[in-house]
*Asks:* 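I have a structure I would like to understand better, so I am pasting it below and will then ask my questions one at a time.
So you know, we letter chains A, B, ... as the sequences are listed, proteins then strands, and number each from 1.
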Protein chains: 2
Amino acid sequence: MPAGQQALEADNRRKNFMRLQNANSNLGTSSMTLHHEDALGRCEPCVVRRRGICNALIRDELKQFRTIAGRRTFAPGQHIHLADEKPEFFAAVVSGVVKLTKVLFDGRQQVVGLLLPPDSVGRALGRKTPYFAQAATEVELCCFPYAGFERMLDDFPGLKQRLLEQTLDELDGALDWMVLLGRKTAEERVASLLVMLATRASINDDEGERASACTQTLDLHLKREEIADFLGLTYETVCRQFSMLKKRGLIELTGRRRVMVPDVAALALAAG
Amino acid sequence: MPAGQQALEADNRRKNFMRLQNANSNLGTSSMTLHHEDALGRCEPCVVRRRGICNALIRDELKQFRTIAGRRTFAPGQHIHLADEKPEFFAAVVSGVVKLTKVLFDGRQQVVGLLLPPDSVGRALGRKTPYFAQAATEVELCCFPYAGFERMLDDFPGLKQRLLEQTLDELDGALDWMVLLGRKTAEERVASLLVMLATRASINDDEGERASACTQTLDLHLKREEIADFLGLTYETVCRQFSMLKKRGLIELTGRRRVMVPDVAALALAAG
DNA sequence: CGTTGGATTGATATGTTTCAAGTGGAGTGG
DNA sequence: CCACTCCACTTGAAACATATCAATCCAACG
C-alpha cells in the first residue's frame, strides 16, 4: 500500500471519529462550510480546538481567531517552512504528519521533530524556524498569518501562556530525544520510537472510545529512511532492528508501515 | 592546577570585569551589600541584569524582583534540582557552570544542557524539571522562590515574554545538539563543543573590551567524562579527539581543562 | 507483465567502545 | 624536600555495534 493511501486511511479514521462527535456536521473528503450549531463551524469538532492551541481560547476569542485562520493542504514531501527563514504563518496540524529536519553541509540529515495533530508548526515572536518543516504524508494545516496571530498573542492572555506551555513540552521532548541519540542502542531507539507513537496514538484513541488495552496497531507514516534520520541510524539498521524485535516477539509487521505491538509495556522495557 | 582553583580564577576574571563596569561598588571575593548609586545595589553590575532574565524588567519592576531574590552558592558536584521534582526556586546563573543531566536505568548518562552566566535554571508554570541540575564548578545563583516568581510572571508582562524567548533559545540549542548527537563524528562533536564555548565566551568578552580576534583561550570547566556525557561519547574517545585536533594544529592543550584555539573559524569548519 | 521504489538480508569495513596499562601533576605526610 | 598516593588524563590493542556496499525481494502500478 503506498504512502499516500495509508495517510488517507488514517485521515479517514480521524474524520469518522469527528463525525461521531458532531453528528450534524457534513464532513466529506473536503468538508467545506456546512455547519449548523453556531458560528464555530468546523472548529467545534477539530482536534486543535479540543487538545491543541485553540483550546487556550474562550468562545469569543475563538470566533475572532477563526477570522484570520485558513486551512491549507500539503502533498507528501512538500515543504511548509524553509530553514532559517521567517515563515508566513503559524499553524496547527489538523491531520497528517509533519517532520522537522536539519541538514548538514554534506547532506547528512537529522529529523529533529515529528508533528502529529494537534501539534503546532512555526515560530512565534517573529523568529526564524531553524529547520525545514516538510509534509511526511498528506497534511492539512490550519494556518494563522503572523500579522494577526502576533496581535492576538498580545490580546488573549491565555494564548501566550499556552504557547509557553507548548514550547516547554517541545523542549522536554527534545531533551528526551537527546538521551536517545546520545546513549541508546539501535534496538532501544527503534523500540523508543514505537513506544512514543503508541503513547501518542492512545491519547487520541482514548477520547473516542476505550483505550485498546495494552495491545496496539500503529501507523508509522514514515519510510525506513525517515525513521533512520529521526533515530540517528541508517535505514538498513532500522530494518534489522525491526526484524530483531519481531524475532523477539515484541512486534509484528502487518504492512510496510504498519506495526502491531502486542504488549506496549514489554516494548517500553526494551526501549531503555 | 586543580579544578576548584581554575574555577576561582574564572570567577575572579568576571568579578574584575564587574569592578570595571561599576567603579564605585566594593566587590570583594564575597561582595555583600555595599553599593552607592541607588537601591538596585548588586543588580546593577550583574550579568543577569545586563543580559539575562532581569533584563526584561524596568527599574521599578527590578526593585520588586529584588525583594524576593536571594543569592546561593553551590559546591562542585552539588545538586541544584532533582529530576522529576518541582524545584523550590527559579534561578539565574551569576557565576560558574551548571550541567543538566538525564540518567538511564543502568547508569548511562547524557548531559542535556550546560548553563553559563546569565542562563536560567528551573521551570516556570509549576512544572517539574525533567533532569538533574548539578553544579559542575563552584556556582553562584540568584534564586527566586516560586511563589513570588509566578506572581510577578503575571504582573510584569515583559517577564513572561522573556521567559518564552529564553525557552525558544533553549529549544533551538537542543535541536542543534540533536544533530550533533545523531549525525556528527567524534571529531566534529569535540570541535563543535569548543566552537560553542568559544562563541559564548566571546559574547561575554565583547562587552568588556574588544573581541580577541579569531584566537581564543577557553576554560572547559568540565572533566573529560562530563564532556563525553555531553557529546554522547566515552571519555577515552574525547581524549583521542583532543589529541587529533592538536595534531592537526587546530587546538593547543594549555592545561588539563584549558584549550587554546588559534583560529576559531578553522575549527568551526571541522565542526561540520 | 515489466518497471519502480521501498524494504529486507548478507558480507565486509570502519569508527567507537571496551579493556588494560601507563603517565603526570597536585596534594599529603613523613 | 622527597617519596607516596590519588585522580584525572592519555595511549594502545582488541572487541563490538553500526555503517557501508551489494544483492535480492516484494508489492503497487502503469
*Asks:* Only distances under 3.5 Å count here; give the side-chain donor-acceptor pairs of residues 190-197 of chain B to other protein atoms, sequence neighbours excluded, each with its distance to 0.1 Å.
*Replies:*
unit_1, atom_1, unit_2, atom_2, d
Ser192(B), OG, Lys184(B), NZ, 3.1
Ser192(B), OG, Glu188(B), O, 2.7
Ser192(B), OG, Ala271(B), O, 3.1

*Asks:* Between Phe242(A) and Arg183(A), which has a closest nucleotide on DNA chain C that is more 5'?
*Replies:*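 By nearest-heavy-atom nucleotide position, the 5'-most residue is Phe242(A).
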*Asks:* Measure the distance from CD on Gln241(B) to P on dG12(D) and round it to the nearest whole Å.
*Replies:*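 From Gln241(B) CD to dG12(D) P: 14 Å.
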*Asks:* I'd like a table of donor-acceptor pairs (distance under 3.5 Å, sequence neighbours excluded) in which one partner is a side-chain atom from residues 259-270 of chain B, with atom names and distances.
*Replies:*
unit_1, atom_1, unit_2, atom_2, d
Asp263(B), OD1, Ala265(B), N, 3.1
Asp263(B), OD1, Ala266(B), N, 3.3

*Asks:* Is it the case that the base of dA7(C) and the side chain of Arg256(A) share a donor-acceptor contact (distance under 3.5 Å, atom types as modelled)?
*Replies:*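 Answer is no: no donor-acceptor pair is held.
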*Asks:* If you assign Leu233(A) and Val238(B) each to the DNA chain D nucleotide with the nearest heavy atom, which residue ends up on the more 5' nucleotide?
*Replies:*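 This one resolves to Val238(B).
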*Asks:* Just to verify, what does Tyr235(B) make a ring pair (Phe, Tyr, Trp, His ring centres under 6.0 Å) with, not counting sequence neighbours?
*Replies:*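 Applying ring pair (Phe, Tyr, Trp, His ring centres under 6.0 Å) to Tyr235(B) gives none.
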*Asks:* Go along nucleotides 9-15 of chain C 5' to 3' and tag each nucleotide: B for a protein heavy atom under 4.0 Å from its base, S when only backbone or sugar atoms are that close, - otherwise.
*Replies:* BBB----
*Asks:* Step through the shown structure and confirm whether more than 12 heavy atoms of other residues, nucleotides or ligands are within 6.0 Å of CD on Glu88(A).
*Replies:*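 Incorrect, the count does not exceed 12.
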*Asks:* Kindly write out the residues that satisfy side chain to side chain donor-acceptor pair (under 3.5 Å) with Arg183(B), not counting sequence neighbours, or none if the list is empty.
*Replies:*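 Counting only residues at least two positions away or on another chain, Arg183(B) forms a side chain to side chain donor-acceptor pair (under 3.5 Å) with Asp229(A).
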*Asks:* What is the separation between atom CG on Leu253(A) and atom P on dT8(C), rounded to the nearest whole Å?
*Replies:*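 Distance check: Leu253(A) CG to dT8(C) P gives 6 Å.
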*Asks:* Who passes salt bridge (charged side-chain N to carboxylate O under 4.0 Å, His left out) against Lys223(A), sequence neighbours left out?
*Replies:*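 With neighbours one apart ignored, the set is empty.
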*Asks:* Over how many whole Å does the gap from His221(A) atom NE2 to dG6(C) atom P extend?
*Replies:*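 Whole-Å distance recorded here is 18 Å.
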*Asks:* Between atom CZ in Arg224(A) and atom P in dA27(D), what is the gap in whole Å?
*Replies:*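 After rounding, the gap between these two atoms is 14 Å.
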*Asks:* In whole angstrom, give the distance that lies between atom NZ of Lys223(B) and atom P of dC7(D).
*Replies:*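 So the two atoms are 10 Å apart, to the nearest Å.
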*Asks:* Measure from CZ on Arg258(B) to C1' on dA26(C) and round the result to the nearest Å.
*Replies:*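 Nearest whole value for this atom pair: 17 Å.
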*Asks:* In this structure, how many angstroms lie between the P atom of dA26(C) and the CZ atom of Arg257(B), rounded?
*Replies:*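 Rounding to the nearest Å, CZ of Arg257(B) and P of dA26(C) are 13 Å apart.
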*Asks:* Would you kindly give the CD-to-P distance between Glu226(A) and dG5(C), to the nearest whole Å?
*Replies:*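 These atoms are roughly 16 Å apart.
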*Asks:* Any side-chain heavy atom of Arg257(A) sitting closer than 4.5 Å to one from Leu222(A)?
*Replies:*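 No, side chains not in contact.
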